[in-house]
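Each remark here refers to the structure printed beneath this line.
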Amino acid sequence: QVQLVESGGGLVQAGGSLRLSCTASGRIFSITRMGWYRQVPGKQRELVASITSSTNTNYADSVKGRFTISRDNTQNTTYLQMNGLKPEDTAVYYCNAFGRESTWSFYTNYWGQGTQVTVSS
């Protein structure tokens, strides 16, 4: 089955930078959109940024101008470059992919296990 694996999280000072990576593996026919969500304990998961197969992007207002999402040519890897990090960015970041495993499959949301990002003040 399709698996998403994230990496790049860690502990940084306010104003610092991190780059998150996510790679999809397994049987995957097509991925329409990949993105990053984040979640703080006790709160709902929220969209941070996403990118479509045609490279259209969207960002949460709180990260515009600071975060940049991108993907490689295979469309199976996405990156989130995070600059000017703030303590409010502290969360578990989850990779998401919306795709299907074959021409006869429904499009499905796939999720990674998450990577912790902690920003100290």
Side-chain angles (χ1 to χ4, degrees):
Q1 301 298 322
V2 175
Q3 292 182 316
L4 303 181
V5 179
E6 307 103 328
S7 64
L11 173 64
V12 298
Q13 295 177 309
S17 298
L18 285 174
R19 188 192 188 197
L20 306 183
S21 300
C22 173
T23 299
S25 62
R27 289 187 175 89
I28 186 71
F29 177 72
S30 66
I31 298 176
T32 300
R33 172 178 294 194
M34 298 190 77
W36 293 91
Y37 291 71
R38 64 188 181 188
Q39 187 170 28
V40 176
K43 293 182 171 59
Q44 294 183 358
R45 186 161 47 193
E46 65 175 357
L47 174 68
V48 178
S50 65
I51 184 167
T52 69
S53 58
S54 58
T55 69
N56 290 326
T57 60
N58 71 289
Y59 298 90
D61 289 341
S62 60
V63 306
K64 287 182 179 178
R66 299 188 296 120
F67 292 8
T68 302
I69 189 170
S70 61
R71 64 192 299 170
D72 69 8
N73 293 332
T74 69
Q75 300 184 0
N76 290 332
T77 299
T78 185
Y79 306 94
L80 185 67
Q81 180 66 46
M82 304 185 293
N83 298 324
L85 283 163
K86 304 175 180 179
E88 309 92 88
D89 297 317
T90 296
V92 177
Y93 284 70
Y94 295 91
C95 180
N96 166 263
F98 185 68
R100 58 179 180 175
E101 299 179 15
S102 75
T103 57
W104 303 110
S105 302
F106 293 121
Y107 280 92
T108 304
N109 274 304
Y110 302 96
W111 296 95
Q113 292 186 333
T115 184
Q116 177 70 46
V117 172
T118 302
V119 184
S120 62
S121 60

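Bear in mind the structure is a predicted one, so any value in this text is a computation, not a measurement.
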Treat each ILVMFWY residue as a node, draw an edge where side-chain heavy atoms are under 4.5 Å apart, and state whether [X] and [Y] are in one component.
| X | Y | result |
| --- | --- | --- |
| Val63 | Val119 | yes |
| Phe67 | Leu18 | yes |
| Tyr79 | Tyr93 | no |
| Ile51 | Tyr59 | yes |

Under 3.5 Å donor-acceptor pairs involving side-chain atoms of residues 81-88, not counting sequence neighbours:
from	atom 1	to	atom 2	distance (Å)
Gln81	NE2	Asn83	OD1	3.0
Asn83	OD1	Ser17	OG	2.8

Quiz item: Is there side-chain contact between Asn96 and Trp36, with heavy atoms separated by less than 4.5 Å?
Solution: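 The answer is no, as the side chains (C-beta and beyond) never meet within the 4.5 Å cut-off.
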Quiz item: Which ILVMFWY residues can you reach from Val5 by hopping between side chains whose heavy atoms are under 4.5 Å apart?
Solution: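 Direct or chained contacts put Val5 with none.
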Quiz item: Going by side-chain heavy atoms closer than 4.5 Å, which hydrophobic residues are tied to Val40, directly or by a chain of links?
Solution: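 Answer for Val40: none, a lone residue.
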Quiz prompt | CD/Gln39: more than 12 non-hydrogen atoms of other groups inside 6.0 Å | solution = yes
Self-check item: Minimum heavy-atom distance Ala24-Ile31, with the two atoms named
Solution: CB-CD1, 4.0 Å
Exercise. Using side chain to side chain contact (heavy atoms under 4.5 Å, CB included) as the criterion, list what pairs up with Ser7, not counting sequence neighbours.
Key: Ser21
Quiz item: Who passes side chain to side chain contact (heavy atoms under 4.5 Å, CB included) against Gln116, sequence neighbours left out?
Solution: Thr90, Val92, Thr118
Quiz prompt | Any residue meeting side-chain hydrogen bond (donor to acceptor under 3.5 Å, both in side chains) with Arg66, in chain and number order, not counting sequence neighbours | solution =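 side-chain hydrogen bond (donor to acceptor under 3.5 Å, both in side chains) list for Arg66, sorted by chain: Asp89.
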Quiz item: Is a side-chain donor or acceptor of Glu6 paired with a backbone partner of Gly114 at a separation under 3.5 angstrom?
Solution: yes
Quiz item: What distance separates Arg33 CZ from Thr78 OG1, expressed to the nearest 0.5 Å?
Solution: 11.5 Å
Exercise. Supply the atom-to-atom distance Gln3 CD to Ile28 CD1, rounded to the nearest 0.5 angstrom.
Key: 12.0 Å
Exercise. Mind jotting down which residue pairs meet the disulfide bond (SG atoms under 2.5 Å apart) criterion with at least one end in residues 3-43? Sequence neighbours excluded, please.
Key: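 Pairs touching residues 3-43 that pass the test: Cys22-Cys95.
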Practice problem: Can you tell me which residue pairs pass the side chain to side chain donor-acceptor pair (under 3.5 Å) test with a partner in residues 22-32, sequence neighbours excluded? | Solution: Thr23-Thr77
Quiz prompt | Pairs touching residues 44-54 that satisfy side chain to side chain donor-acceptor pair (under 3.5 Å), sequence neighbours left out | solution =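 Of all non-adjacent pairs touching residues 44-54, those that pass side chain to side chain donor-acceptor pair (under 3.5 Å) are Arg38-Glu46, Ser50-Asn58, Thr52-Ser54, Ser54-Asn56.
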Quiz item: For residues 99-121, which residue pairs qualify under ring-ring contact (aromatic ring centres under 6.0 Å, His included), counting only residues two or more places apart or in two chains?
Solution: Tyr37-Trp111, Phe98-Tyr107
Self-check item: Test applied, side-chain contact (heavy atoms from CB on, under 4.5 Å); reference residue, Val48; option that passes from Leu20, Ile69, Leu80
Solution: Leu80
